[in-house]
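To start, the structure under review is shown below, and the notes come after it.
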Amino acid sequence: MEIIVCIKQVPETTEVKINPDTNTLIREGIKSIINPFDMYAIEEGLRLKERFGGRVRVISMGPPQAESALREAISMGCDEAILLSDRAFAGSDTWATSFVLASAIKKMGSFDIILCGKQASDGDTAQVGPGISSHLDIPQVTYVKKIESIDNGISRVERMTEEGYEVIELPLPALFTVVKEINEPRIPSLRGMMKARSAKITLWGIGEIGIESAAVGLSGSPTRVVRIFTPPPRKGGQIFHGETSEVVDRLVQLVKDEI
Amino acid sequence: MDYLLTEEQVMIKELAARIAEDKIRPIAAELDKTEQFPREIINILAQSDLFAIFIPEEFGGTLQLQDGRMVGGVLDLCLATEELSKACGGVAVCYAASALGTFPILIYGTQEQKKKYLPSLAKGEKLAAFGLTEPEAGSDASAIKTTAKKEGNSYILNGTKHFITNGAEAEIYVIIAMTDKSKGARGASAFIVEKGTPGFSFGKKEDKMGIRASITSELIFNDCKIPKENLLGKEGMGFIATMRTFDMSRPGVAAQALGIAQGALDLTVRYAKERHQFGKSISSFQGIQWMLSDMATQIEAARALVYSTARMIDAGRGSVAKESAMAKLFASDTAMRVTTDCVQIFGGYGYMRDYPIEKYMRDAKITQIYEGTNQIQRNIIALQLIKEMVK
Amino acid sequence: MSIKVLIDKCTGCNLCVKSCPFGAIRIINKKAVIELSQCTLCGACVTACKLAAIKLDKPATELAGNDKIPKIDDYNGIWVFAEQKKGKVQPVVFELLSKARELAERLSTEVSAVLLGYQLDDEAQNLIWQGADKVYIVDNERLINFQDEPYTNILTALIKKYRPQIVLSGATSIGRSLISRVAIKIHTGLTADCTGLDIDPEKKILLQTRPAFGGNIMATIITPNHRPQMATVRHKVFPANPPDKDRKGKIIREEIEDGHIVSRARLLDIVEELESTVNLTEADIIVSGGRGMGDGKNFALLEELAKVLNAAVGASRAAVDAGWMPYSHQVGQTGRTVCPKIYIACGISGQIQHLVGMQSSKVIIAINKDADAPIFKIATYGIVGDLFEIVPALTKRFKEILKSSNES
């Protein structure tokens, strides 16, 4: 089975803090990590390989330093890694990003399954996965919480919805975006980390992928960011201490009109 | 402080730290409450190769031989143990106790014994345990009563070991038993006993004050017959084996103490910053600041001592009894003092089980007791001091 | 396209450094230096610079002159994708219709709803009452449930046929899957998960504002040169208008080629799991529990309160990881993002990952025994105390209040 996992390097947002003086994000010293949702995609890829054989290739579009995310994927057990990095990619929105990824995937040859995390923790758009499947014109299932079976090129998966889940059957090749519930990502092994240290990361720019610079980056992006601002941080309100019955009464009086 | 670790040691440290944060910390309180053996965590440690770091490549580990000699691995083991202990001293001891049970095989095992037992230990498929202590033989190890009688091609073991870490959970046990009582300490021998051998059963499981994620059990030998090939080294070498094993393993206990102390301090610094009294953060009070400073300094001093000792062992220095004892003594006393002060800084909350800090204090206490009480460590140090003076 | 600092003008004032959300600018020798590998050309620094010392060359209107693509002025009207489940149009659609009406006034255009499904005439009428001037309806048994491919094909075909200037959809699991694919097929811009929509008064284009970095940053995004301008919009950020049964509108039935209905994926089963509870993302009130609940069985306390308030039950990651609640109830960065009128956080300390999932709630009530818990820093009302005492007392008090207000 040929499995491709798309990952993104993101800032470890748990450490994102707002500078109270300037009201901006403090980004110094913030570690970069693999987007947490992509960790589930990597793990699912590795589990599929364990179930059905084959190989797991991992790709990422990003700046040169995204290489460390790909090395981590290798330390978990992925077989190969490709970094899509080019100055021309800067400013890409989700349209252009999914175009670059889809074009690179075409270049990678045949595949059975593409796995993505349900969304990235920095942009939160959840658009790149469906964008790739749309560019490649393959069927997709988003918010997959279980890959039940794969038999004769037909997969059966569970898709999480607001109320529960759906069971969907579809032929491969297909793209799945996965949610946290699907698995628990493994911790890399020491041997994997040693392998990752010296692994070769393939680097592709627009030339290697064979796409025009006009189709990517800012010029290939239909959307433009016109303004970025930090919302005023939410302020704390009234804090009640004291006798339970008393504070409960006061609170209920305050909010009863909202109910 | 920069301890100039190798790239691989940095990886081991990061790996163990990640397991500690992601997998152990979220369940540490639960494990402490229920006293459940953390099998899932052991599997994660196994899958991450952490049981392989103190076993040579030849036998399925990751340790590379230098000049054909088995050197190294002790500092690696200390780094892993320290990181795991930051999240839970109990889980860390399950891990370190398997190393303790593995060391006698590494030091005294024949090529056949190593081939037979080490690969599955390196993979973490099986755990090891070391059985020395008996109800009436604690610090006075020469008082052990368990016997091993040779009969043809077998030894017959009889007796009871207690307070055995990983007891009933381990598959491979190294047991110290008397082959010749008349010779006293020189009549003790070391044997490998596998779980499931007829006549080998498990008794009482202890209800402990701390390190409750680990299992401490009684081992019962009742006409337990093992093949003579399971003798480690020669008859009568049981005590030497024990001493040399402890020399290697004490830095591990010290590292556990170090991790407990550091883990407690980390929580305390954060708490001190968050906790407000008299209208400001308690970390702004000099009284608190000085306590934090003293704790951090003591921990760093302990770390320097532990790592240096581990490096001596890894470099193949023969006599490390004094240094090893000093490392264990100093690190465990530091852990007890630090965790006690951490509880103090947490104040009333520190005393409550809903807060994680009191567990560190309970976990720290055992490090002053096991693998030789700190009084025994002082004996060892004094003995070496006097010996050196005589030379 | 490129970005550069005009060295002559730059005074090293540091404003750009503070404005850069990507940490790509440093002051070296009193001049701003942009680290291109980290810069995403977002332009925040250009706006921040008071001396016009940063120059961002944006490309000229690309794709201009490509005669296959219709002109921007050929696009008219605002569309709302009328997501339905089990034949019921989802509440977020009504929220969008009311917002669409407001935008339409300012553009002097009309609002249409697009409804795909089976036997939905009543719902089509309802959409008109809720604000639609037209309802395009595709009625086919095979569209009874959402499926990616046929819905994508049909919506794409309708957009190409009618050329709306704006297309809005709820940022639901259906909306976010479907609209992403449609935007690629049409080659236009899409902004996900918006919390603000406005019209630029001069350019008459849609200003789409959305949170990023877990809500720590807001970004306003436009689609200048492509049409339609597409956005998915979060639940509960815009109020729905009450239905106006006097409103008149047109229902237009669309015939669709058979080819468009073909799906490679087959929906075999729909399983509903949240039996007694209210859908988390749609709920007006959420009662949520964290590590302080101590045990899974204690969630019964929250369920009782939720029942009284007709609320949904949520959980923090800690509670879900401990196995006390299923993942589908998780609120926060790795769970669901919610925006109810009232969010009651019980025994939740308020880690940043949790806060990003709920901090846009209108009223936040925090109950925690630790007065220093970060949740109190954002709570509208906080009670410091034992939740095992306070929650049952709240349940009792709310029950009394609601009972008396029902009677009066």
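Atom set for the values below is all heavy atoms of this structure, side chains included, hydrogens, waters and symmetry mates excluded. Order of the sequence lines fixes the chain letters, A, B, ..., with proteins taken first and strands second; residue numbering starts at 1 for each chain.
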Could you state the interatomic distance from [atom1] ([X]) to [atom2] ([Y]), rounded to the nearest 0.5 Å?
X	Y	atom1	atom2	value
A:Ser219	C:Asn225	OG	CG	11.5 Å
C:Arg181	A:Gln127	CZ	CD	13.5 Å
A:Ile132	C:Ile184	CD1	CD1	9.0 Å
C:His187	A:Ser134	NE2	OG	11.5 Å
C:Asp269	A:Glu169	CG	CD	12.0 Å

Would you check, one step at a time, whether the test side-chain contact (heavy atoms from CB on, under 4.5 Å) holds for A:Met160 with C:Tyr327? CA-CA 10 Å; A:Met160 193 165 157; C:Tyr327 169 59; 3.9 Å; yes
Counting only non-hydrogen atoms closer than 4.5 Å, does [X] touch chain A with its backbone (N, CA, C, O), its side chain (CB onward), both, or neither?
X	answer
C:Ile342	side chain
C:Asp321	side chain
C:Glu149	side chain
C:Ala183	backbone
C:Leu267	both
C:Ile365	side chain
C:Gln330	side chain
C:Thr152	neither

Among [options], which has the most heavy-atom pairs under 4.5 Å with chain C?
options	answer
A:Arg159, A:Lys256, A:Arg156, A:His241	A:Arg159
A:Thr161, A:Val167, A:Leu170	A:Val167
A:Glu166, A:Gln65, A:Arg227	A:Arg227

[X] versus [Y]: any side-chain heavy-atom pair under 4.5 Å?
X	Y	value
A:Gln253	C:Ile401	yes
C:Phe398	A:Val255	yes
A:Arg224	C:Ile222	yes
C:Lys185	A:Asp137	yes
A:Lys180	C:Arg317	yes
A:Thr142	C:Arg176	no
A:Tyr143	C:Ser177	yes
C:Gln147	A:Ile168	no

Part of [X] lying under 4.5 Å from any heavy atom of chain C:
X	value
A:Ile138	backbone
A:Ser98	side chain
A:Pro139	both
A:Glu184	neither

Would you say the side-chain atoms of C:Thr281 and A:Glu162 include a donor-acceptor pair closer than 3.5 Å? no
Look at [options] and state which one has the largest set of heavy-atom pairs under 4.5 Å with chain A.
options	result
C:Ile179, C:Thr188, C:Ile390, C:Asp193	C:Thr188
C:Pro211, C:Ala212, C:Ala379	C:Ala379
C:Ala171, C:Ala219, C:Ser173, C:Ala192	C:Ser173
C:Lys362, C:Gln229, C:Lys396	C:Lys362

Do you know the tightest heavy-atom contact between [X] and [Y]?
X	Y	result
A:Leu251	C:Tyr381	CD1-CB, 3.5 Å
C:Ile221	A:Thr223	CG2-CB, 3.6 Å
A:Gln140	C:Asp148	NE2-OD1, 3.0 Å
C:Ala393	A:Thr244	CB-CG2, 3.9 Å
A:Pro222	C:Gly189	CB-N, 3.2 Å
C:Ser180	A:Pro130	CB-CB, 3.4 Å

Residue C:Glu400 excluded, over 12 heavy atoms near CD under 6.0 Å: yes
For C:Lys85, is the NZ atom crowded, meaning more than 12 foreign heavy atoms sit under 6.0 Å from it? yes
Any chance you could lay out the side-chain contact (heavy atoms from CB on, under 4.5 Å) test for C:Ile270 and A:Glu163, step after step, and finish with the verdict? CA-CA 9 Å; C:Ile270 298 176; A:Glu163 296 83 15; over 6 Å; no
